[in-house]
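Report on the following structure.
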Amino acid sequence: MSKTSSSKTSSSSKTTSTSRRPFRIGRAKTGLGLFATKLIRKGSFIVRYIGRMLPNKIADELDTKYLFEVNARWTVDGSSRKNVARYVNHSCRPNAEADVKKRKILISAIKTIHPGDEITYNYGRDYFNAFIKDHGCRCAACHQKKLVMRSTRRRSRKRKSRKGRKR
Ligand SMILES: [Zn+2]
């Protein structure tokens, strides 16, 4: 038999994301998230945040978390499922960033992202204060911080009790 060409047998037709994308939607700590499937180099474009362009006044009335303010006048309503960028979760120590260029929201890597890594960007202070602050941030960086704090607290507690027993 001659070697089979690069054409893949359509085995996983269920997956909606096309293979040229360097990511997939997967389960994250806080629901769904976007995960790299290929190496994404620092500085390279990942995905565009798409949706209806609305005047800020109208967007302010909407009851959705998927709003991205582009400038003082316009907001993109990214709540459509077609907008895969809406699955990118917030992180306080992100590996990507969202940049606005001519009213287009482009998400690109600010670090080298390895296959399997969750892709994240910092949603900014306004979003953080409105939606994250109250129940606490669950991003990897904050989670790590919490673990460290908990273990140092435990350690100091142990030390105290040991001292008490000696006396
Ligand atoms: Zn955080």
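Given the structure is predicted, the values throughout are model-derived calculations rather than measurements. All ligand and atom numbering here is 1-based and tracks the order in the structure.
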Backbone of Thr75 reached by a side-chain donor or acceptor of Asn56 within 3.5 Å: yes

Could you walk me through whether Tyr121 and Tyr123 pass the ring-ring contact (aromatic ring centres under 6.0 Å, His included) test, one step at a time? CA-CA 6 Å; Tyr121 69 85; Tyr123 284 9; 5.1 Å; yes

Between Asn95 and Ile113 (side chain of the first, backbone of the second, donor and acceptor by atom type, cut-off under 3.5 Å), is there such a pair? no

Whether His143 has an N, O or S atom under 2.8 Å from the Zn ion (ligand 1): no

Please calculate the SG(Cys142)-the Zn ion (ligand 1)-SG(Cys139) angle and round it to 10 degrees. 110°

Does Thr120 reach the main-chain N or O of Ser91 with its side chain, forming a donor-acceptor pair under 3.5 Å? no

Has His90 got an N, O or S atom lying less than 2.8 Å from the Zn ion (ligand 1)? no

